[in-house]
Amino acid sequence: MEISEAELRRLVDIAVEDDPTELLEVARVRPDLVAPFHLRLAEAQVWWPADLYHGMSEETAAELVRRLDDGAGPVGLVHVLAAGGTETAVAAVRQWTAEPPQWAAELPIPLGLVGHAGGWELDPSGRRRALASRYATELVPVAAARAPGAGPVSGGPLDGTCGWCGLRLWRLLEVDRAVLPDLLGGDTGQITVATCVRCGCYTTLFTEAGRFAAENYRPEFLGRDDDGWDLPEDGVLGLGEPRPTPFAASAWNTGGSTVGGMPEWIQDAGYPACPRCVRTMPFVGMVTGGDLWGELGEGCHYLFHDPTCGLSAAVYQQS
């Protein structure tokens, strides 16, 4: 992406006024161009979307930490700091977790979860634990896949059925874990993430090897039977080209589906906890409603996998 300094400053001005949409498109593919403006955006309380703050410098992070420690900055700066994902941010959250500052009571989420905005958290020993991969690959219609004939990695019904409504589960992702070596380790082995296209819109749906998991908790409402629930007619995707950055996917648009990378949340960050070990499940990809259902589709399915317990999860969000 090429953009003049004058145009970039214009987009920053617009973001500060009320609309960061265009600047966000730059930040997704060239976070280095937006990074020099992070402090100005934070001072203007442009705290959403968090994706604006990827690629933050250690110097900017240190200044945000100083303001928070001095009580000179609003508590919303924590969200911005965590989204930047710097070593300075990790060290500060580690310190604040051990000795919670007074302002921690004002946070809408526990201090230990703020790193989720940047795709990380602290493990029990206080070290950074990645929840998202540096590698990101497009999911595209099979006809446009990078390796024609390799077969789809997303789409199509599975043999397993939903334990609540009886619909066949839908394959959202089926790849070798080696495609995300920094997140799932260098070992090979297939991971399958599935959902029920009906019930998965109302709750986190856990599966194991493409089958409905016993750990699922049934919510009170799962839609009306007379709404007519059908499986997608297409929605079959293969691996495309690597994305330019881990942040370049889009949860809002057709063509935004991705293996790996960072999630673009439509609502708040929603990493599920594995019901077996209670650890946060790493993000392995997302499939947008547009890619699944076509022009009438909306929302996004976020995909997670616990390589230790073998469980997968699908979380659905829409505006």
Side-chain angles (χ1 to χ4, degrees), residues 1-57 59-68 70-86 89 103-104 106-109 113-119 132 243-256 258 261-271 286 288-290 295 297-300 302 315-319:
M1 171 181 284
E2 296 297 330
I3 184 172
S4 69
E5 183 175 351
E7 176 64 8
L8 184 60
R9 290 185 179 278
R10 186 184 73 84
L11 296 183
V12 172
D13 289 340
I14 293 173
V16 168
E17 289 172 7
D18 67 352
D19 186 3
T21 306
E22 292 183 84
L23 186 64
L24 178 61
E25 294 304 313
V26 178
R28 285 198 184 110
V29 295
R30 289 293 305 274
D32 58 304
L33 295 180
V34 180
F37 300 96
H38 281 163
L39 199 56
R40 182 186 172 197
L41 292 168
E43 288 172 341
Q45 300 190 8
V46 183
W47 299 332
W48 184 91
D51 291 346
L52 287 170
Y53 293 94
H54 296 311
M56 181 180 291
S57 70
E59 292 76 16
T60 297
E63 175 59 20
L64 296 180
V65 170
R66 185 193 66 77
R67 295 185 185 191
L68 285 161
D70 291 347
V75 72
L77 291 181
V78 177
H79 180 72
V80 167
L81 177 70
T86 62
W103 49 256
E106 302 175 33
L107 289 172
I109 58 174
L113 299 183
V114 297
H116 288 189
R243 292 200 179 273
T245 72
F247 323 117
S250 171
W252 299 86
N253 301 320
T254 299
T258 300
M262 285 280 296
E264 183 195 23
W265 299 103
I266 292 176
Q267 301 172 19
D268 292 334
Y271 290 89
M286 61 189 194
T288 69
E295 62 181 14
E298 59 180 318
C300 184
Y302 300 87
V315 173
Y316 179 74
Q317 291 186 358
Q318 68 179 68
S319 57

Discussion item. In the structure I gave you, are the side-chain heavy atoms of E59 and T86 within less than 4.5 Å of one another anywhere?
Written reply: no

Discussion item. Just to verify, what does S4 make a side chain to side chain contact (heavy atoms under 4.5 Å, CB included) with, not counting sequence neighbours?
Written reply: A6, E7

Worksheet entry | Set of residues satisfying salt bridge (Lys or Arg N to Asp or Glu O under 4.0 Å) with respect to E298, sequence neighbours excluded | none

Discussion item. Just verifying a value: how many Å separate H116 NE2 and H79 NE2, rounded to the nearest 0.5 Å?
Written reply: 12.5 Å

Fill in: All salt bridge (Lys or Arg N to Asp or Glu O under 4.0 Å) counterparts of R66, not counting sequence neighbours
E63, D70

Fill in: Heavy-atom pair with the smallest gap, counting every atom of Y302 and P263
CD2-CB, 4.0 Å

Worksheet item: Stepwise, does the side chain to side chain contact (heavy atoms under 4.5 Å, CB included) test hold for L107 with V75?
Response: CA-CA 7 Å; L107 289 172; V75 72; 3.4 Å; yes

Worksheet item: Are any of the side-chain heavy atoms of R67 and L39 separated by less than 4.5 Å?
Response: yes

Item to complete: Can you run down the side chain to side chain donor-acceptor pair (under 3.5 Å) pairs that involve residues 261-271, sequence neighbours left out, and say none if there aren't any?
Response: R28-E264

Worksheet item: Which pair of heavy atoms, one from V80 and one from A42, lies closest together, and at what distance?
Response: CG1-CB, 4.3 Å

Worksheet item: Given side chains that start at C-beta, do those of L64 and M56 come closer than 4.5 Å, heavy atoms only?
Response: yes

Worksheet, complete the sentence: Separation between CG (L33) and CD (E2), nearest 0.5 Å, reads 8.5 Å

Fill in: Taking every non-hydrogen atom, the tightest pair across A35 and G55
CB-O, 3.5 Å

Item to complete: Would you give the length of the straight line joining atom CG of D13 to atom CZ of F37, rounded to the nearest 0.5 angstrom?
Response: 9.0 Å

Discussion item. Test of understanding: with salt bridge (Lys or Arg N to Asp or Glu O under 4.0 Å), list the residues that count as partners of E17, not counting sequence neighbours.
Written reply: none

Discussion item. Ignoring hydrogens, what is the shortest heavy-atom contact between V78 and W103? Give both atom names and the distance.
Written reply: CG2-CZ3, 3.4 Å

Fill in: Among I14, V46, V16, V12, the one residue meeting side chain to side chain contact (heavy atoms under 4.5 Å, CB included) with L23
V12

Item to complete: Rounded to the nearest 0.5 Å, what's the gap from SG on C300 to CG on N253? Could you check?
Response: 10.5 Å

Practice prompt. Give a yes or no answer on whether the side chain of E22 reaches the backbone of L11 with a donor-acceptor pair at less than 3.5 Å.
Written response: no

Discussion item. Taking salt bridge (Lys or Arg N to Asp or Glu O under 4.0 Å) as the definition, give me every residue that meets it alongside D19, ordered by chain and number, with sequence neighbours left out.
Written reply: none

Worksheet item: How far does CH2 of W47 sit from CG of L52, to the nearest 0.5 angstrom?
Response: 14.0 Å

Discussion item. For Q45 versus P74, what's the shortest heavy-atom pair and its separation?
Written reply: NE2-CG, 4.2 Å

Worksheet item: Taking all non-hydrogen atoms of both residues, which atom of A248 and which atom of V29 are closest, and how far apart?
Response: CB-CG1, 4.1 Å

Worksheet item: Looking at side-chain heavy atoms only, is the closest gap between L41 and Y53 below 4.5 Å?
Response: yes

Item to complete: Output yes when a side-chain donor or acceptor of T288 lies under 3.5 Å from a complementary backbone atom of M286, and no otherwise.
Response: no

